[in-house]
Amino acid sequence: MNKNQPTRPDGTRDFSPEVMAKRNYILQTIRAVYQRYGFLPLETPAMENLDVLTGKYGDEGDQLIFKILNSGDFLKDLPADAVTSMGSKKMASKIAGKALRYDLTVPFARYVVMNRGTLTFPFKRYQIQPVWRGDRPQKGRYREFYQCDADVVGTDSLLCEAEIILMINEVLGKLGVQNFQVKINHRQILNGIAEAIGAMDKFSDICVGIDKLDKIGLDKVMQELADRGVSGESIAQLKPILAFEGNLQEKLTYLTTLFENSPNGQKGLADMRAITQMLNSFAQAKDFPTDLHIDFDLTLARGLSYYTGAIFEVKVEGVQVGSISGGGRYDDLTGAFGVPDLPGVGFSFGIDRLYDALEELNLFPAEATVATQILMIGFDEASFAYCLPYLYELRQAGFATELYPTVEKKIKKPMSYANNRGIPFAVLAGSDEMQVGEFSVKNMLSGEQQRVKAGELKTFFATK
RNA sequence: GACUUUGUAGCUCACCUGGUUAGAGCGCCAGUUUGUGGCACUGGAGGCAGUGGGUUCAAGUCCCAUCAUAGUCCCCA
């Protein structure tokens, strides 16, 4: 093995042309839907000032932020004994003033705060960019990965929630995904449950616990909750709630009685009803899908984080990948930057997982991968030059066309090139063709070859 | 932060309990075909076995360290 073989950092990937074609297909689909719902594109820099990011993701999150060493002599303002006197955390802030973004939400919040004077609210933006996290890579988890966020800030209208459900359906519909579930729940319903079982003080523990339900099973969740100090009585009451089966209506009815004394829970139920009512009105439209794949899931919790209202997660059935999309409503996007009371709601597609799901379901269309359509080949210097004007014209006519860039003694070389690249047509020119102003056009798939007048190349390919 | 897996040709991998010049398939190059790819056949190039130590008469094979790798836990997308 070559001792100097270069490598990539752990947890990063190269995207080959074949993979990029498929990724772009996904991205274009998502982008088109976002835009049709009135979301505007936004990009923010890969790096942010470190203090913008720290403290927003908890202690664990802070450790996973990639910090960028100051340029120049980054040690010059540090005391000689800095390593022992300051500790790594304080020292990091002295020698690294910038860091790679950890998600798209915090940079977005920063952007909103900086531009709050000029933005028109409600502000709807989408943002598709990579983010970086310094944790151990695992299956489907990378240190550099893309997020595709769409958020609305500056309104608490539940229309946003309803539209998110529609957007998810449209994206997956266009991508050809048939079997999926848009799981939806509400933080205040979870709140109400905690209240109803008399464990309000353990609310966040309960959320973290039941979030793992589908992963580790009911018994282990119960065990974990006990370990986290939830009383046995509360756990006993929680069990039938999590196990409750029924459709959306039945669940709402069940919870209504459960939440008799829980204002939080009642607010959550009211939101859920409003969202479903709006979707029912949408359904009056012609050609509206008969099924929005909604699954009101009381066990959906989405970890801790900043969600305060409705929460979403999307699962594709029949594939190994976890959830491919998630999101929710938050009361206060920008509070950490000194601008309180700016509510919003957003969601995000995990395109790496979406990619895996489409691959597994074999849903990528063949067109997503084609590249060059025509390869021109000149046998000698004169015919090479003879090709050039037609190369230009074929491209102008919209055909992805290349001329093999060198004159080869053996024609085998450019022919293999066409073959390996999967280029369907070879256009050959030598002295014979030049003399009569023609080209030999070879169909690389069938092997057929025919003469075509030079001036008729464009129309010839237009029918192919 | 903890643990585990793997590291041999450009790629995917063999080499059984340590024993001569480390193999295969694919790919690459050349030829059979001096203006025609795929298919077939023939030939060829390409390796100090991740790196550094140790044990041994002898190490790709055993031991230690180190680096890389991808997976599990935590957490998250």
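As the structure is a prediction and not an experimental result, all values here were calculated from the model. By convention in this document, chain letters (A, B, ...) are assigned in the order of the sequence lines, proteins followed by strands, and residues within each chain are numbered from 1.
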Rounded to the nearest Å, what distance is computed from the [atom1] atom of residue [X] to the [atom2] atom of nucleotide [N]?
| X | N | atom1 | atom2 | value |
| --- | --- | --- | --- | --- |
| A/E18 | B/C11 | CD | C1' | 15 Å |
| A/D135 | B/U69 | CG | P | 14 Å |
| A/N419 | B/C39 | CG | P | 7 Å |
| A/Y142 | B/C75 | OH | C1' | 18 Å |
| A/E313 | B/C76 | CD | P | 12 Å |
| A/R141 | B/U69 | CZ | C1' | 17 Å |
| A/D352 | B/C76 | CG | P | 19 Å |
| A/M376 | B/G37 | CE | P | 20 Å |

Is there a donor-acceptor pair closer than 3.5 Å between any side-chain N or O of A/K22 and the backbone N or O of A/M20? no

When rounded to the nearest Å, what value does the distance between [atom1] atoms of [N] and [M] take?
| N | M | atom1 | result |
| --- | --- | --- | --- |
| B/G60 | B/U6 | C1' | 14 Å |
| B/C64 | B/U69 | P | 22 Å |
| B/A70 | B/U12 | P | 12 Å |
| B/C3 | B/A9 | C1' | 33 Å |
| B/C74 | B/G1 | C1' | 9 Å |
| B/G23 | B/A40 | C1' | 24 Å |
| B/A30 | B/U61 | C1' | 37 Å |
| B/A14 | B/A22 | C1' | 11 Å |

Assign [X] to base, sugar-phosphate, or nothing according to its heavy-atom contacts below 4.0 angstrom with the strands shown.
| X | result |
| --- | --- |
| A/I351 | nothing |
| A/K442 | base |
| A/R353 | sugar-phosphate |
| A/G447 | base |
| A/G326 | nothing |
| A/R8 | sugar-phosphate |
| A/Y417 | nothing |
| A/P424 | nothing |

Problem set entry | A/D103 side chain reached by A/R133 side chain, heavy atoms, under 4.5 Å | yes

Qualifying residue for side chain to side chain contact (heavy atoms under 4.5 Å, CB included) with A/I168, from A/L166, A/I164, A/I165: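 The passing option is A/I164.
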
Passing candidate, side chain to side chain contact (heavy atoms under 4.5 Å, CB included) with A/V177, options A/V314, A/L358, A/V171: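 The side chain to side chain contact (heavy atoms under 4.5 Å, CB included) with A/V177 is passed solely by A/L358 among A/V314, A/L358, A/V171.
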
Ring geometry between [Y] and [X] (parallel below 30°, tilted from 30 to 60°, perpendicular above 60°):
| X | Y | value |
| --- | --- | --- |
| A/Y34 | A/F347 | perpendicular |
| A/F425 | A/F461 | perpendicular |
| A/F439 | A/Y390 | perpendicular |

Item to complete: Can you spot which of A/H186, A/R329, A/Q188, A/R187 makes a side-chain hydrogen bond (donor to acceptor under 3.5 Å, both in side chains) with A/D271?
Response: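 Going through the options one by one, the only one that passes is A/H186.
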
Exercise. Kindly confirm or rule out a cation-pi arrangement of A/R23 over A/F15, judged by NZ or CZ under 6.0 Å from the six-membered ring centre and within 45° of its axis?
Key: yes

Applying the Watson-Crick and G-U criteria (both distances under 3.5 angstrom) with [ ] for crossing and | for other-strand pairs, one obtains for RNA chain B ((((.((..((((.....[...)))).(((((.......))))).....(((((..]....))))))).))))....

Judged by nearest nucleotide, the residue sitting upstream toward the 5' end of RNA chain B, A/S416 or A/S323, is A/S416

Looking only at B/U69, B/A2, B/U36, the nucleotide nearest the A/M415 side chain is B/U36

Under 4.0 Å between a side-chain N/O of A/Q138 and OP1 or OP2 of B/U72, yes or no?
yes

Given protein heavy atoms under 4.0 Å, the one-letter contact record of nucleotides 26-35 of chain B, with B base, S sugar-phosphate only and - none, is simply -----S---B

- Message: As a quick check of understanding, evaluate salt bridge (charged side-chain N to carboxylate O under 4.0 Å, His left out) for A/K315 and A/D295, giving each step before the final call.
- Response: CA-CA 10 Å; A/K315 283 234 157 81; A/D295 175 24; over 6 Å; no

Kindly determine whether A/Y146 and A/F349 satisfy ring pair (Phe, Tyr, Trp, His ring centres under 6.0 Å), including the steps that lead there.
CA-CA 9 Å; A/Y146 279 72; A/F349 277 105; over 10 Å; no

